[in-house]
Amino acid sequence: MSAFTTLDPDGPTISVGGASRATSVSSVVDRENPVWRGLSRADVEELRGIRPSESLGQMFAGDPGRADRFTLRCAGLVVDLSRNLWDERVREALLGLARRAAVDEGFRRLAAGERLNTSEDRPVGHVALRSSRRADVGVDGASVRDEVEATLDSMAAFVHAVAFGDIRGSTGRCFTDVVNIGIGGSDLGPAMAHEALRAFRVTGLRCRFVANLDVADLESNLVDLDPETTLVVVASKTFTTLETMANAEIARAWLSEALGGDGAIGHLVAVTADPRAADRFGVGRVFPFREWVGGRYSVGSSIGLSLMLAVGPAHFRDFLDGMAEVDDHVLAASLEHNAPLLVALLGVWYRDVLGLSSKAVLPYSHDLRRLPAYLQQLDMESNGKSTRIDGSTVDVETGPVVWGEPGTNAQHAFFQLLHQGTSVVPVDLLGFARAGSTSAAMFANLLAQANVLAFGRPADLVPDDPRRPHRVFPGNRPSTLILAERLDPRTLGRIIAFYEHVVFFQGLVWGINSFDQWGVELGKEVARGLLPLLGEPAGRSGPVGVDETAPLDTSSLRAIEWFRAHSADAPVRDVPSGDSGRLS
Ligand code: F6P
């Protein structure tokens with residue numbers, strides 16, 4: 001007897017096992033819709049009608065070709081989509097959506113560096129960063145090939161000079177350590193890749209990554225470093241980000257105390273799209289990148305300098321080439337064989353049709369342990385939107401909550417919920433064939449989890465005793481396998497570009513701008529406005545509140561009073577009280 005159940009079609013869990021509804025695929029695929037504004041509620045309703053009636057167990061049992069038909073190759077990655085809650089009919093319908101959203105034209109525009117970031121009126125050019133093998137590398141109609149190559153060459157020359165001791169610290173000692181100060185896209189990409197490419201660090205330079213405003217992050221990283229042999233890379237697109245500038249100032253003071261103000265300069269390097277701001281701050285060298293590189297898409301730009309300082313220029317080139325291979329795959333593949341597109345469409349299927357609100361990314365690789373954090377920014381900052389490009393409000397669900405941990409650690413933390421919880425979470429399982437002496441054990445675990453999630457354990461296979469209900473696994477829980485021979489720079493580049501394009505395609509289907517991030521701005525402004533009330537001088541732009549004219553709410557006032565009463569520093573300003581409290 002199977003434990004597969006039919007659940008509420010509109011609820012947050014999956015409906016399987018019921019009769020298939022009558023809506024025809026063609027009505028979803030062929031409906032005329034020349035101007036695509038984004039997925040609508042009506043589209044979702046139509047798609048709801050074609051949910052598979054069979055469970056994964058039934059679909060596999062009745063179809064020996066399923067794994068082959070639902071497995072794609074993408075630039076050396078093997079992407080097995082067969083354990084997902086779909087069939088050919090669903091795939092066709094989703095591809096119909098993709099056609100209506102003109103995703104191939106959308107990707108062509110991305111690859112050409114067009115002005116896709118409409119709300120900020122900016123071109124989106126990150127694909128050009130890794131396109132050196134192509135003749136037509138352009139952004140916003142202009143060739144950027146020479147510029148991209150020149151930046152990579154200057155980074156490589158710097159890395160060689162530092163590694164070989166041609167560039168040294170102000171006291172003549174060679175640099176041994178690099179501290180990258182940056183946050184968000186100026187941290188997560190290089191920090192994640194630095195961990196992932198542990199086996200490819202060839203320069204002997206040790207890199208650390210500091211992001212948090214909490215001084216504990218910087219302090220704990222500087223504590224065992226020698227300023228004489230430490231190079232600080234200040235990585236910030238805008239060169240205004242509070243966290244990064246605060247940490248950079250503390251790091252500069254730390255260097256200056258040991259080396260003097262002039263001595264510190266040669267230990268400071270900036271990576272930024274605003275070189276003049278970096279010059280004003282005072283650094284020895286600036287590696288620029290352009291406005292058309294979005295923060296969360298910037299690891300292939302000079303934001304990758306700290307990564308290159310660790311893995312060397314050749315590995316960094318391989319990393320970019322891996323990204324370019326996936327770009328090429330997407331440009332060349334038919335929609336049916338376009339692996340990032342199909343993963344994106346599955347994501348839409350889960351989010352909108354099956355009502356699943358989160359997605360877990362589970363790399364079976366300790367070196368990839370920062371990948372979930374990296375993907376959180378990539379996905380949630382890109383597609384966590386509820387306004388379409390045209391300014392209208394979406395009426396469907398958009399980006400999921402993305403989370404994850406490396407296997408096998410994750411198995412001993414939250415897999416209980418994945419297997420037997422009331423929420424269904426689609427998972428991506430990333431696995432490698434050659435990953436050291438525990439490769440087979442790691443892969444066995446990955447596959448075991450995928451199979452238990454998919455096929456479960458029905459009650460009739462469990463001994464008939466009082467524990468039986470607790471030992472039943474419902475199964476029919478979706479997973480995608482993303483497999484590669486080994487985790488090397490090229491593979492990592494492929495994985496990153498793969499997910500970038502998943503996010504991009506989903507943004508196209510939802511009709512949202514995946515390249516802005518207005519949702520992170522207001523909190524920054526309000527924090528600046530609150531700072532004086534907590535006894536600190538205001539940030540650069542002066543105090544700004546949600547509504548400067550409105551009274552501060554009583555909960556905030558109480559929290560401020562509490563903070564001032566309990567923090568070590570004496571308050572420098574009185575807190576306005578009661579309803580007349582104002583932010584500034
Ligand atoms: O606050 C979000 C954000 O703007 C991200 O998009 C970006 O990656 C991060 O801050 C860091 O910005 P910057 O590189 O300008 O310091």
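Quick caveat, the model's predicted, so the values are computed rather than measured.
For the pair Ser302 (side chain) and Pro288 (backbone), a donor-acceptor distance under 3.5 Å is present. A donor-acceptor distance shorter than 3.5 angstrom exists from the side chain of Arg351 to the backbone of Thr398, with no hydrogens or angles considered. Between the Gln506 side chain and the Ala344 main chain, a donor and an acceptor come within less than 3.5 Å of each other. Side chain of Asp516 to main chain of Trp518: no donor-acceptor pair is present (N/O by atom type, distance under 3.5 Å, no hydrogens or angles). When atom types are taken as modelled, the side chain of Asp217 and the backbone of Ala211 share a donor-acceptor pair closer than 3.5 angstrom. Between the His501 side chain and the Pro340 main chain, no donor and acceptor come within less than 3.5 Å of each other. Using modelled atom types, one side-chain atom of Arg115 and one backbone atom of Asp121 make a donor-acceptor pair closer than 3.5 Å. Panel note: side chain Ser154, backbone Thr151; a donor-acceptor pair is recorded below 3.5 Å. The closest donor-acceptor contact from the side chain of His160 to the backbone of Ala156 lies under 3.5 Å. When atom types are taken as modelled, the side chain of Asn383 and the backbone of Val503 share a donor-acceptor pair closer than 3.5 angstrom.
Gly266 and Leu231 get closest at one heavy-atom pair: O-CD1, 4.2 Å. When all heavy atoms of Leu218 and Ala251 are compared, the pair lying nearest together is CD2-N, 4.0 Å. For the pair Leu129 and Val148, the tightest heavy-atom approach, listed with the atom from each and the gap, is O-CG1, 3.7 Å. Scanning both residues, Glu120 and Phe515, for their nearest heavy atoms gives OE1-O, 3.7 Å. Scanning both residues, Asp187 and Gly182, for their nearest heavy atoms gives CB-O, 3.3 Å. Here the shortest heavy-atom pairing between Cys207 and Ser306 reads SG-O, 3.3 Å.
The residues Arg528 and Glu525 are annotated as not salt-bridged, no charged nitrogen and carboxylate oxygen being separated by less than 4.0 angstrom. Checked for salt-bridge contact, Arg486 and Asp488 meet the test: a charged N lies under 4.0 Å from a carboxylate O. Salt bridge present: Arg208 and Asp224 bring a charged side-chain N and a carboxylate O closer than 4.0 Å. A salt bridge is defined here as a Lys NZ or Arg NE, NH1 or NH2 lying under 4.0 Å from an Asp or Glu carboxylate O, and Arg173 with Asp226 meets this definition. A salt bridge between Arg296 and Glu381 is present, with a side-chain N of the basic residue lying under 4.0 Å from a carboxylate O of the acidic one.
We find the CG-CZ distance between Leu446 and Phe432 to be 10.0 Å, quoted to the nearest 0.5 Å. Considering CG of Asp367 and CE of Met192, their distance stands at 12.0 Å, rounded to 0.5 Å. Separating the CD atom in Glu147 from the CG atom in Leu152 is a distance of 11.0 Å, to the nearest 0.5 Å. Annotation: the span from Arg122 atom CZ to Asp140 atom CG amounts to 12.5 Å, rounded to 0.5 Å. The CZ atom of Phe239 lies 8.5 Å from the OG1 atom of Thr244; values are rounded to the nearest 0.5 Å. With rounding to the nearest 0.5 angstrom, the CE atom of Met308 is 11.0 Å from the CZ atom of Phe158.
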Show the numbers, then the answer: is there a side-chain contact (heavy atoms from CB on, under 4.5 Å) between Glu195 and Phe209?
CA-CA 11 Å; Glu195 294 301 323; Phe209 293 82; 5.9 Å; no
Taking it one step at a time, do Val179 and Trp254 satisfy side-chain contact (heavy atoms from CB on, under 4.5 Å)?
CA-CA 12 Å; Val179 177; Trp254 176 78; over 6 Å; no
Can you list the steps and then say if Arg317 with Asp153 is a salt bridge (charged side-chain N to carboxylate O under 4.0 Å, His left out)?
CA-CA 11 Å; Arg317 284 274 183 178; Asp153 288 346; 3.6 Å; yes
side-chain contact (heavy atoms from CB on, under 4.5 Å), that's the test. Do Leu110 and His126 meet it? Break it down for me.
CA-CA 9 Å; Leu110 176 74; His126 55 271; 4.0 Å; yes
Worked verdict on Trp403 versus Phe414 for side-chain contact (heavy atoms from CB on, under 4.5 Å)
CA-CA 11 Å; Trp403 55 289; Phe414 51 76; 3.4 Å; yes
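Taking the side chain as every heavy atom from C-beta outward, Ile496 and Glu500 approach each other to under 4.5 Å. In this structure, Arg130 and Asp321 have side chains that are not in contact, with every pair of non-hydrogen atoms separated by 4.5 Å or more. Counting heavy atoms from C-beta outward, Val330 and Leu341 have side chains that stay 4.5 Å or more apart. Residues His315 and Leu197 fail the side-chain proximity criterion, which asks for heavy atoms closer than 4.5 Å. Side-chain contact between Tyr374 and Val299 is present, with at least one heavy-atom pair separated by less than 4.5 Å. In this structure the side chain of Val286 reaches within 4.5 angstrom of the side chain of Thr272, judged on heavy atoms. In this structure the side chain of Val283 never reaches within 4.5 angstrom of the side chain of Val269, judged on heavy atoms. Leu116 places none of its side-chain heavy atoms less than 4.5 Å from the side chain of Asn513.
Side-chain N/O atoms of Thr408 and Asn445 include no donor and acceptor closer than 3.5 Å. Using a 3.5 Å distance cut-off with no hydrogens or angles, the side chains of Asn409 and His366 do not pair a donor with an acceptor. Looking at Ser301 and Ser298, their side chains never bring a donor and an acceptor atom within 3.5 Å of each other.
By the neighbour-count criterion of 12 heavy atoms within 6.0 Å, atom CZ of Arg198 is sparsely surrounded, having that number or fewer from other residues, nucleotides or ligands. Counting heavy-atom neighbours within 6.0 Å of Glu149 CD, excluding the residue itself, gives a total above 12.
Of the listed residues (Thr229, Asp177, Thr230), just one forms a side chain to side chain donor-acceptor pair (under 3.5 Å) with Arg206, and that residue is Asp177.
Taking the six-membered ring where the residue is Trp, His267 and Phe175 present perpendicular rings, their angle passing 60° and hence far from 30°.
In this structure, Arg252 is positioned above the aromatic face of Phe281, its NZ or CZ under 6.0 Å from the six-membered ring centre and within 45° of the axis.
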